[in-house]
Enquirer: 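The structure's right below; bear with me while I get my questions together.
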Amino acid sequence: MSGKPRLTYLNGRGRMESIRWLLAAAGVEFDEVYLETKEQYEKLIKDGFLLFQQVPLVEIDGMKMVQTRAIMSYIAGKHNLYGKDLKERALIDMYVEGISDLMQMILMFPFSPPDAKEKNLESIKERATNRYFPVFEKVLKQHGQDFLVGNKFSWADVQLLEAILAVEEKVPAVLSGFPQLQVFKTKMSNMPTIKKFLQPGSPRKPPPDAHYVETVLKVFKK
């Protein structure tokens, strides 16, 4: 046992990518195990590793953790990325939940039928520009600080940067009407731990391709 957290998932973004982002932002190195067959997945269930028969699975501090939200709350709390009090934590939770709604659309996009791709892409663009990004633009403008909560780097900042970059991959000019978010993106991307994660060769995964979609369907098929 190396003492590093061990992440078990597929070799792609999915629900694990936000966990990778948060660990990387906290400066934590981790090991990964990739599922490639249905048999590997079923063995994890049989061996009692997956409480609700779902991955992501993160082995950390002697625990076998499942459920993305619980895993990320633990990592954020452990590495001082979860606010200084209950009120700040509540704000971080609200922001993270909102960003997660947008990320869910991005997560499901590669699995869209070909005839629905254009419509689903339009939905992502519309939600990002009209519902989600205006909230964060306003927050940053109103308090005039670099970070979303308490003028201190938090889980919410990491999640927002991940979402911005994921939407930009599909809609390159999505931040054109959001000057505060443009500044935020530049500042966050230049933080040493995040800058390292954005470099080629880091554990960050590329956008999902046809092979990833095929593997997901193969591993999790009923």
Side-chain angles (χ1 to χ4, degrees), residues 5 7 13 15-30 56 58 60-61 63 65 67-107 124 126-169 171 174-198 202-204:
L7 284 47
R13 288 186 183 174
R15 297 190 185 282
M16 187 64 91
E17 190 69 356
S18 292
I19 296 168
R20 295 183 188 109
W21 263 92
L22 192 55
L23 284 167
V28 179
E29 291 186 357
F30 50 87
V58 174
I60 184 171
D61 296 342
M63 296 185 289
M65 294 195 72
Q67 299 299 315
T68 311
R69 178 66 205 243
I71 294 164
M72 294 185 73
S73 295
Y74 180 79
I75 294 165
K78 178 175 177 171
H79 295 286
N80 203 21
L81 297 171
Y82 209 172
K84 70 175 189 301
D85 55 28
L86 270 177
K87 285 187 176 179
E88 286 194 357
R89 187 166 286 205
L91 273 179
I92 289 167
D93 284 343
M94 282 199 301
Y95 295 157
V96 162
E97 287 293 320
I99 299 161
S100 297
D101 291 343
L102 176 60
M103 289 300 289
Q104 178 66 16
M105 296 174 73
I106 293 164
L107 203 67
I124 290 170
E126 193 275 327
R127 290 283 179 88
T129 51
N130 295 327
R131 181 182 294 190
Y132 296 107
F133 288 174
V135 169
F136 300 108
E137 179 76 8
K138 187 177 175 186
V139 168
L140 291 166
K141 189 172 183 181
Q142 280 183 340
H143 67 35
Q145 294 169 342
D146 293 345
F147 304 109
L148 289 171
V149 178
N151 202 24
K152 186 173 183 294
F153 185 48
S154 79
W155 172 16
D157 299 305
V158 181
Q159 194 98 331
L160 179 55
L161 179 62
E162 183 195 359
I164 287 171
L165 297 181
V167 176
E168 279 188 331
E169 285 173 351
V171 188
V174 72
L175 289 190
S176 59
F178 301 103
Q180 301 287 337
L181 288 181
Q182 290 173 33
V183 172
F184 173 87
K185 176 190 142 184
T186 302
K187 279 183 177 164
M188 291 301 120
S189 300
N190 281 307
M191 289 189 65
T193 53
I194 292 178
K195 191 172 185 175
K196 185 179 174 188
F197 188 62
L198 294 175
S202 85
R204 187 182 181 214

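Hydrogens, waters and symmetry mates are skipped; everything else that's a heavy atom, side chains included, is used.
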Enquirer: Looking at every heavy atom in both Ile99 and Ala163, which two are closest together, and how far apart are they?
Expert: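 Closest approach of Ile99 to Ala163: CG2-CB, 3.5 Å.
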Enquirer: Which heavy atom in Lys185 sits nearest to a heavy atom in Ile164, and how many Å separate them?
Expert: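 Distance-wise, the nearest heavy atoms are CD-CG2, 4.0 Å.
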Enquirer: Go through the steps for Leu7 and Leu23 under the test side chain to side chain contact (heavy atoms under 4.5 Å, CB included), then give the verdict.
Expert: CA-CA 11 Å; Leu7 284 47; Leu23 284 167; 3.9 Å; yes
Enquirer: Take atom CD of Glu169 as the centre, draw a 6.0 Å sphere, and report whether it contains more than 12 heavy atoms from other residues, nucleotides or ligands.
Expert: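 Above 12, so yes.
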Enquirer: For Glu88, is there an ion pair with Lys152 - N to carboxylate O distance below 4.0 angstrom?
Expert: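 Not counted as a salt bridge, because no side-chain N and carboxylate O are separated by less than 4.0 Å.
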Enquirer: Who pairs with Lys141 by side-chain contact (heavy atoms from CB on, under 4.5 Å), at least two apart in sequence or on another chain?
Expert: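 Scan of Lys141 (side-chain contact (heavy atoms from CB on, under 4.5 Å), adjacent residues dropped) gives Gln180.
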Enquirer: With a 4.5 Å heavy-atom cut-off, do Ile194 and Trp21 have their side chains touching?
Expert: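 A side-chain contact exists here, since the closest heavy-atom pair is under 4.5 Å.
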Enquirer: Taking the six-membered ring for Trp, are Phe136 and Tyr95 parallel (under 30°), tilted (30 to 60°) or perpendicular (over 60°)?
Expert: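 Judged by the thresholds at 30° and 60°, the geometry between Phe136 and Tyr95 is perpendicular.
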Enquirer: To the nearest 0.5 angstrom, please state how far the CD1 atom of Ile19 sits from the OG1 atom of Thr68.
Expert: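 Reported value, rounded in 0.5 Å steps: 5.0 Å.
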Enquirer: Side chains of Gln67 and Arg15: any donor to acceptor distance under 3.5 Å?
Expert: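 Short answer, no.
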Enquirer: Let's go through Asn80 and Phe153 carefully: what are the C-alpha distance in whole Å and the side-chain angles of both, what is the deciding distance for side chain to side chain contact (heavy atoms under 4.5 Å, CB included) to 0.1 Å, and is it a yes or a no?
Expert: CA-CA 9 Å; Asn80 203 21; Phe153 185 48; over 6 Å; no
Enquirer: Roughly how far, to the nearest 0.5 Å, is the CD atom of Gln104 from the CG atom of Leu102?
Expert: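 One finds 10.5 Å between CG of Leu102 and CD of Gln104.
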Enquirer: Step by step, would you call Leu165 with Met188 a side chain to side chain contact (heavy atoms under 4.5 Å, CB included)?
Expert: CA-CA 11 Å; Leu165 297 181; Met188 291 301 120; over 6 Å; no
Enquirer: Minimum heavy-atom separation for Trp155 and Val96, please, with both atom names.
Expert: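 In this case the closest contact between Trp155 and Val96 is CZ2-CG1, 3.6 Å.
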Enquirer: Within a strict 4.5 Å, meaning less than it, do heavy atoms of the Val167 and Tyr132 side chains meet?
Expert: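 When only atoms from C-beta onward are counted, Tyr132 and Val167 do not touch, as no gap falls below 4.5 Å.
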Enquirer: So among Asp93, Asp85, Ile92, Leu91, which one has a side chain to side chain contact (heavy atoms under 4.5 Å, CB included) with Arg89?
Expert: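 Exactly one candidate clears the test, Asp93.
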Enquirer: For Asp101, is there an ion pair with Arg131 - N to carboxylate O distance below 4.0 angstrom?
Expert: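 Salt bridge flag = no for Asp101 with Arg131.
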Enquirer: Taking all non-hydrogen atoms of both residues, which atom of Asp146 and which atom of Asn151 are closest, and how far apart?
Expert: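 Minimum heavy-atom separation between Asp146 and Asn151: N-OD1, 3.5 Å.
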Enquirer: At what distance, to the nearest 0.5 angstrom, does OG of Ser18 lie from CD1 of Ile71?
Expert: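 Taking OG in Ser18 and CD1 in Ile71, the distance rounds to 11.0 Å.
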Enquirer: Distance check, rounded to the nearest 0.5 Å: Ile75 atom CD1 versus Leu22 atom CG?
Expert: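 Reported value, rounded in 0.5 Å steps: 5.5 Å.
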Enquirer: Are any side-chain N or O atoms of Lys196 and backbone N or O atoms of Gly27, one a donor and one an acceptor, separated by less than 3.5 Å?
Expert: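 No, Lys196 side chain to Gly27 backbone: no donor-acceptor pair under 3.5 Å.
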Enquirer: With rounding to the nearest 0.5 Å, note down the distance linking NZ in Lys187 to CG in Asp157.
Expert: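 Those atoms lie 11.5 Å apart.
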Enquirer: For the OH atom of Tyr82 and the CE atom of Met72, what is their distance to the nearest 0.5 Å?
Expert: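 Reported to 0.5 Å precision, the distance equals 10.0 Å.
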Enquirer: Has the side chain of His143 got a donor or acceptor atom that lies under 3.5 Å from a matching backbone atom of Gln145?
Expert: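 Between the backbone of Gln145 and the side chain of His143 there is a qualifying donor-acceptor contact (under 3.5 Å).
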Enquirer: Considering all heavy atoms of both residues, which atom of Thr193 and which atom of Ala24 are nearest to each other, and what is their separation?
Expert: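 Nearest heavy atoms, Thr193 then Ala24: CB-O, 3.3 Å.
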Enquirer: With side chains defined as the heavy atoms from C-beta onward, is the minimum distance between Phe184 and Glu137 less than 4.5 Å?
Expert: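 Side-chain contact under 4.5 Å: no.
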Enquirer: Between Gln182 and Ser176, what is the shortest heavy-atom contact and its length?
Expert: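 What the structure gives for the nearest pair is NE2-O, 3.6 Å.
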